[in-house]
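Comments concern the structure below.
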Amino acid sequence: MGSLGKDAPAAAGEGSSSVLLAVNGVRREAAGVHPSMTLLEFLRTKTPVRGPKLGCGEGGCGACVVLISKYDPATDEVTEFSASSCLTLVGSLNHCSVTTSEGIGNTRDGYHPVQQRLAGFHASQCGFCTPGMCMSIFSALVKADKPGATGDAAPAPTGFSKLTCSEAEHAVSGNLCRCTGYRPIVDACKSFAADVDLEDLGLNSFWKKGANRADVDKLPAYSAGAVCTFPEFLKAEIKSALEHQTNDVPAVIPSDDGWYHPKSIQELHSLFDANWFDETSVKIVASNTGAGVYKEQDLYEKYIDIKGIPELSVIDRSSKGAEIGAAVSIAKAIEVFSNDGTPVFRKIAGHLSKVASPFVRNTATIGGNLIMAQRLRFPSDIATVLLAAGTTVTIHTASKMLCLTLEEFLEQPPCDAKTILLSIFVPDWGSDSVIFETSRAAPRPFGNAVSYVNSAFLARTSGVLIEEICLAFGAFGADHAIRARKVEDFLKGKSVSAPVILEAVQLLKDVITPSEEATYPEYRVSLAVSFLFSFLSSLGKDLVEPTKDIIPNGSDVNGIVNGKHAEVASDDLPIRSRQELVFSDEYKPVGKPITKAGAELQASGEAVYVDDIPAPKDCLYGAFIYSTHPHAHIKGVSFKSSLAAQKVITVISAKDIPADGKNIGSVFPKIGEEALFGDPVSEFAGQNIGVVIAETQKYAYMAAKQAVIEYSTENLEPPILTIEDAIQHNSYFHPPPFLVPRPVGDFDKGMSEADHKILSGEVKLESQYYFYMETQTALAIPDEDNCITIYASTQIPEVTQNVVADLLGLPYHNVRIITRRVGGGFGGKAMKGCHVACACALAAYKLRRPVRMYLDRKTDMIMAGGRHPMKVKYSVGFKSDGTLTALHMDLGINAGISPDMSPLMPSAIIGSLKKYNWGALAFDVKVCKTNVSSKSAVRAPGDVQGSFIAEAIIEHVASTLAADTNVIRRKNLHDIESLTAFYGDAAGDAATYSLVDMFDRLAASPEYRSRAAAVERFNGTSKWKKRGISCVPITYEVRLRPSPGKVSIMNDGSIAVEVGGVEIGQGLYTKVKQMTAFGLAELVPDADGLLDKVRVIQADSLSMVQGGFTGGSTTSEVSCEAVRLSCATLVERLKPIKESMEAKSGAAAPWSALIAQASMASVNLSAHAYWTPDPAFVKYINYGAGVSEVEIDVLTGATTILRSDLLYDCGQSLNPAVDLGQVEGSFVQGVGFFTNEEYATNADGMVINDGTWTYKIPTVDTIPKQLNVELINSARDHKRVLSSKASGEPPLLLAASVHCAMREAIRAARTDFSADSPLTFQMDVPATMAHVKELCGLDVVERHLQSLSAATTTKA
């Protein structure tokens, strides 16, 4: 819960019928809407606005960010702030102004510089997150440039904002993007910063790096205040309402809109005493952000908005301390504490700025956070920090007002709904002899992640003597934040020394006792110990404080300037980058880094995704009911007695499938299919049982939660959930022979030639969720004659068409699938997208009404499946010099319940593993059938696992030989002969084999040797931070496939193009536009001039048949080749006319005149081609190499990626800007897989990390601090499409360099702290903070203190 600040006086607060607000300057009334309607739902269903998107419904992704403005008529001031529209209730926004991405700029009125720069810096790919990014940046600019906001009266330099580079990076810290890797977004944001060096910014369309000087005049002009955020008409209405306001209308008068706005504590209690007050149907809110954490399980009929109560908004700073009302926002509280000079208050402000994200802190309240901590065990950082600062709270119960210490408040039984927290009071500790420190360990440094453990310590000292101390810990798995009083009592009056700290730590371990359900309990205890150790070390006389234990190493990326240590922690380093690209004019405009088609449309929010299509008349909405049992008979479905259950119109299930149809939800041609519904048996937890149909999407979501499924396990075998279970029960899928990879060489002979053997190594890799920003969605509209049209967010329109037709028992031509663009796919909008399209189609067909579905994030995550978990056991033989002689692998793949794409996995895994010459290669691969959601293709499916497995084995070999890993890597890279032996025809010509050169450029360079030496020096002198550096090569085999294309020239010369592929953010349409202009270049003097005439239109399964699928990284090139063939046909038809016209006129024929003449001559201006690859060249290999340098915190397990350098062979790039974006975005998605993305399931195999609160994809604060990318323009190969190569998936494999560097850093820590610990160890994927800390040693602090204590005793 939180606050949107003080409401302007509003008649709605006294019983009026509707909320009045402005949306992008237009007057809107929220009349007759359900009281639970969010601002996002209102904007998207009651206004034309479509920019804000539903990405998570939790305030955790930023896709729905808008700017909210409030007007205070007393001061004539407007206050603006960003907010999550998915959590903000429209009923709380009377007399507010809302600005969305469309409101700051659009096609008709012109784009805003934020939108233009996002486009020009190539910062939008799928574009679904871009409007939210746009508004987060715009909000940061509004805040920075508000008069008096920065305390600096000096104007910003012309064209710039007062925003700083650091603020620019933090501006989007709460926004998620799965496509770009964030670097170009940060650059676009930094381009506004007053302290930016424009030359440091990356590739853009405003100047050519190296050739032109970067200049602000070349950027779209920015001037502060150009957008009106609060219209004059609304100010007038507010003043008018104020003049006519009466104060004698009691708040208990029934409200027409279900909202009550009490203006005093007395009025609030009169509402509590009303006969209609019921906790189950009435919700008390300040800002409703708590609903992002604790999801509503039913609809509420009434809301009581407590923001208008003066006592809750008080801010009173006195000499004694600061009193802050419970409805004051966290952002405002940060402001109060920051503006104060005392160290304690500044530290509180610093810690609070890492809570949630900017757009949540702007609305969430201090009181709401504490109430959740007290009532619902919320792991609050704020409670811990305020507890250590000696905070007291004032609460109002039904009968009295109480003042309690925060500790007493937290220890009380959970408050009831009628207990109101009024305010908090934080005493002023002054600055003399008081030391206050706070700590948190969380997956993201900037916030937007709940802590594993947080702490706050306050001590008053006299010399080295502790006079007074308070130690608070929270989030470790207890009911609430606590004080470690036993430890405090022990420390009082003592001088700090190693033995004292050791005893304090031992006492603390008895105090910090995580609950049984807490994850990583030992890790959490060790974090608490680390925090206490760090704090007490700072108080000791002869102890080195761990946070100061950072030693310069001379590398510029590490915060070192001129040999002096810069006072910047690694995770606070600014983001830097370098891009080196080769541009070619040979096939222009192909090869030019033009801006992605539609990027500005995406930034303004005008780009139409499936859920943006206006709802047809009589449209209904669906939500899945899914099983929570992995293997059970479904005996029946009923609904709880609830408000939401009353919204159910009907339930669609397997019984509604037409007699001629069949229960099918997806199919992989020639491999296998998966049922749409679990009927009569649910075969995995998360399987669809039925679809609830309701009048709105929200009603459908809420109604689905009311479903009660009756199960029976009678006569059923226990579920098979793991690879081990499947092997025990011989439960497998058997890939067809043509998909089974072949061994290489003689394994037994290879092992006999080995000097050394590792007979039993093991590595495990867990799953990864797609996290496309747009969840699965479809809109089905029934048509005449048993036809149906489905707008689907899918990568496979053709397969979706076939599956829907089979489900309904219709001929394929009765089903039409239309896909304009997809808000992120990564493989997840292929097989998994079919289920939603099928469910919508079945409901629409049955009910004869349009039906729309847009899955909520939790349901999507539970049903999506994700990447294949794997377990590998290997034995490997090698020579003393590191030459590999043989490898055998036993590989178990958890495929889930249906084949899906799993039969393709073995060949992909082995394919990327073959990047090294193993001598002989043998394997036994088992594709395991289990009772979990079927796993499917996730970006670089199989290849990323295989490539990593190879690295794990190589590192094991190097460790065994005590050799440099890179030496072993280099020694076993292929020459062209062994490459051909392992890869066959895909190996290609020797000239195209670029891997060895790329690896040598990185790993054998003087710079690499210098950095490796610097890392070694750093590790030799730094005890609690360790660094690692690693270089990884990759190979990635791709396959070309047939693809259609169609080019049609309109009578005015504009051009419409259709291709089989779908635009999912990969820049397909941009490359197709370029290829169209190139293909028609013979007909015009300037091919570039044709670009603006080309429009690539939506995929339509009835218009473009045999469209195939979008995936495998080659869709762009095969689509381009089909278009080129179509263009060649048109050139052949038009060239004679052109020559005839030019012969007559003696001048070049203008394009428009040529087309007019051809039209008059009845020339066919449309050409269709179906390109098929040469049977002798259907596969080729992509190459790349990457170096990553990381720093790990031995005390917490946190990893900072200091720098990554990527070399990628892109061939002759069709568009270097697009390909660069693919390389960076793919790499960062891989970083998520290898580090923080934890795909956790319960005992029944159902996903439990099912939202943004628990599943952590990379954010702007977890990407490399320096990301350098070079695209290699390798040897021409005219067998490829204009010598180009794929870029969408292969670079993801380079992220293994981060994992390998982490292993090196951990090895350095183990060398320091565990003399007897083996330096060869198993390090699985993902390597989360908890796993890193565990591998470094959970007891390193204790062992360090014991050695210090022993040394002290010896000296004595």
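Atoms considered below: every heavy atom in the structure, side chains included; atoms not considered: hydrogens, waters and symmetry mates.
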Problem - Verdict with reasoning, Arg50 to Arg44, per side chain to side chain contact (heavy atoms under 4.5 Å, CB included) - result: CA-CA 6 Å; Arg50 293 293 182 274; Arg44 293 183 60 81; 4.1 Å; yes
Problem - Gap separating the CD1 atom of Ile897 from the CZ atom of Phe684, nearest 0.5 angstrom - result: 7.5 Å
Practice task
Start with the C-alpha gap between Lys662 and Glu673, add the side-chain angles, then the distance that decides, and say whether salt bridge (Lys or Arg N to Asp or Glu O under 4.0 Å) holds.
Solution key: CA-CA 11 Å; Lys662 64 176 181 176; Glu673 59 188 46; 3.3 Å; yes
Problem - Side chain to side chain, Glu710 and Val637, heavy atoms closer than 4.5 Å - result: no
Practice task
Answer yes when Asp612 and Lys53 have at least one side-chain N-carboxylate O distance shorter than 4.0 Å, and no when they do not.
Solution key: yes
Handout entry: Polar side chain donor-acceptor pair, Ser898 to Glu674, under 3.5 angstrom
Key = yes
Problem - Sub-4.5 Å side-chain heavy-atom contact between Ile1055 and Val1094 - result: yes
Exercise for the section: Run the numbers on Val1062 and Phe1109 for side chain to side chain contact (heavy atoms under 4.5 Å, CB included), then give the verdict. Expected result: CA-CA 8 Å; Val1062 174; Phe1109 63 92; over 6 Å; no
Fill in the blank from the handout: Heavy-atom closest pair (Val692 atom, Ala703 atom, distance to 0.1 Å) is CG1-CB, 3.6 Å
Exercise for the section: Measure the shortest side-chain to side-chain distance between Lys647 and Met702 over non-hydrogen atoms and say whether it is less than 4.5 angstrom. Expected result: no
Exercise for the section: Check for a donor-acceptor pair, side chain of Lys596 on one end and backbone N or O of Ser124 on the other, with a separation under 3.5 Å. Expected result: no
Problem - Heavy-atom closest contact (Tyr1069 atom, Ile1097 atom, distance) - result: OH-O, 3.6 Å
Completion exercise
Only one of Arg1041, Arg1039, Glu1121 passes side-chain hydrogen bond (donor to acceptor under 3.5 Å, both in side chains) with Thr1114, and that residue is Arg1041
Practice task
Report yes if the side chains of Tyr812 and Asn814 come closer than 4.5 Å at any heavy-atom pair, otherwise no.
Solution key: no
Problem - Main-chain N/O of Ser1166 paired with Ser1048 side-chain donor or acceptor, under 3.5 Å - result: no
Exercise for the section: Go through the steps to decide whether Gln1222 and Ser1287 satisfy the test side-chain hydrogen bond (donor to acceptor under 3.5 Å, both in side chains), and finish with yes or no. Expected result: CA-CA 6 Å; Gln1222 291 297 289; Ser1287 64; 5.1 Å; no
Handout entry: Sidechain-backbone polar pair: Arg1095 side chain, Ala1056 backbone, donor-acceptor under 3.5 Å
Key = no
Practice task
Just do the salt bridge (Lys or Arg N to Asp or Glu O under 4.0 Å) check on Glu1037 and Lys1179 with the steps written out, would you?
Solution key: CA-CA 7 Å; Glu1037 188 177 310; Lys1179 295 184 289 186; 3.5 Å; yes
Practice task
Kindly compute the distance separating CG (Asp611) from CE (Met853), expressed to the nearest 0.5 Å.
Solution key: 12.0 Å
Exercise for the section: Give a yes or no on whether Lys698 atom NZ has more than 12 heavy-atom contacts from other residues, nucleotides or ligands under 6.0 Å away. Expected result: yes
Handout entry: Nearest atoms (heavy-atom pairs only) where Val804 meets Cys838
Key = CG2-SG, 4.0 Å
Practice task
Quick one: do Tyr711 and Thr628 satisfy side-chain hydrogen bond (donor to acceptor under 3.5 Å, both in side chains)? Show the steps, please.
Solution key: CA-CA 10 Å; Tyr711 302 100; Thr628 56; 3.2 Å; yes
Exercise for the section: Verify the distance criterion only: is there a donor paired with an acceptor across the side chains of Ser902 and His868 at less than 3.5 Å? Expected result: yes
Exercise for the section: With rounding to the nearest 0.5 Å, note down the distance linking CE in Met901 to OG in Ser936. Expected result: 5.0 Å
Practice task
Go through the steps to decide whether Lys832 and Asp900 satisfy the test side chain to side chain contact (heavy atoms under 4.5 Å, CB included), and finish with yes or no.
Solution key: CA-CA 9 Å; Lys832 299 297 179 178; Asp900 201 284; 4.2 Å; yes
Exercise for the section: Taking the side chain as every heavy atom from C-beta outward, state whether Pro736 and Ile671 have any pair of such atoms under 4.5 Å apart. Expected result: yes
Problem - Arg852 to Tyr854, cation-pi by 6.0 Å centre distance and 45° axis angle - result: no
Handout entry: CA sep, side-chain torsions, deciding dist, call: Gln602, Thr130, side-chain hydrogen bond (donor to acceptor under 3.5 Å, both in side chains)
Key = CA-CA 6 Å; Gln602 291 171 181; Thr130 312; 4.7 Å; no
Exercise for the section: Kindly compute the distance separating CG (Asp679) from CD1 (Ile657), expressed to the nearest 0.5 Å. Expected result: 7.5 Å
Exercise for the section: Dump the intermediate steps for side-chain hydrogen bond (donor to acceptor under 3.5 Å, both in side chains) on Gln1229 and Arg939, then the final yes or no. Expected result: CA-CA 9 Å; Gln1229 190 167 2; Arg939 198 175 197 171; 2.9 Å; yes
Exercise for the section: Can you measure from OG (Ser731) to CG (Asn931) and round to the nearest 0.5 angstrom? Expected result: 7.5 Å
Practice task
Please tell me if the side chains of Val932 and Pro630 come closer than 4.5 Å, counting only heavy atoms from C-beta onward.
Solution key: no
Problem - Cation-aromatic face contact Arg178/Phe128, 6.0 Å, 45 degrees - result: no
Completion exercise
For Cys834 and Ser666 the tightest heavy-atom approach is CB-CB, 3.9 Å
Practice task
Looking only at non-hydrogen atoms, find the nearest pair between Leu1125 and Trp1171 and report the distance.
Solution key: CD1-CD1, 3.5 Å
Exercise for the section: Check the side chains of Gln687 and Ser933 for a donor-acceptor pair under 3.5 angstrom, ignoring hydrogens and angles. Expected result: no
Exercise for the section: Before accepting this row, confirm whether a basic side-chain N of the pair Arg820/Glu1063 lies closer than 4.0 Å to the acidic partner's carboxylate O. Expected result: no
Exercise for the section: Would you mind reporting whether Cys619 and Arg849 have side-chain heavy atoms less than 4.5 Å apart? Expected result: no
Problem - Side chains of Thr819 and Thr794, donor plus acceptor under 3.5 Å - result: no
Problem - Closest heavy-atom pair and its distance - Ala726, Thr930 - result: CB-CG2, 4.1 Å
Practice task
Measure the acute angle between the ring planes of Tyr772 and Tyr770, then classify it against the limits of 30° and 60° as parallel, tilted or perpendicular.
Solution key: parallel
Practice task
Take Tyr791 and Ile817, measure what side chain to side chain contact (heavy atoms under 4.5 Å, CB included) needs, and give me the verdict at the end.
Solution key: CA-CA 6 Å; Tyr791 295 89; Ile817 307 294; over 6 Å; no
Problem - Distance (rounded to the nearest 0.5 Å) between Asp860 CG and Gln776 CD - result: 5.0 Å
Problem - Cation-pi check, Arg857 onto Phe771 ring (under 6.0 Å, within 45° of axis) - result: yes
Handout entry: Flag side-chain contact, heavy atom, 4.5 Å: Leu54 against Leu40
Key = yes
Exercise for the section: Give a yes or no answer on whether the side chain of Glu1289 reaches the backbone of Ser1113 with a donor-acceptor pair at less than 3.5 Å. Expected result: yes
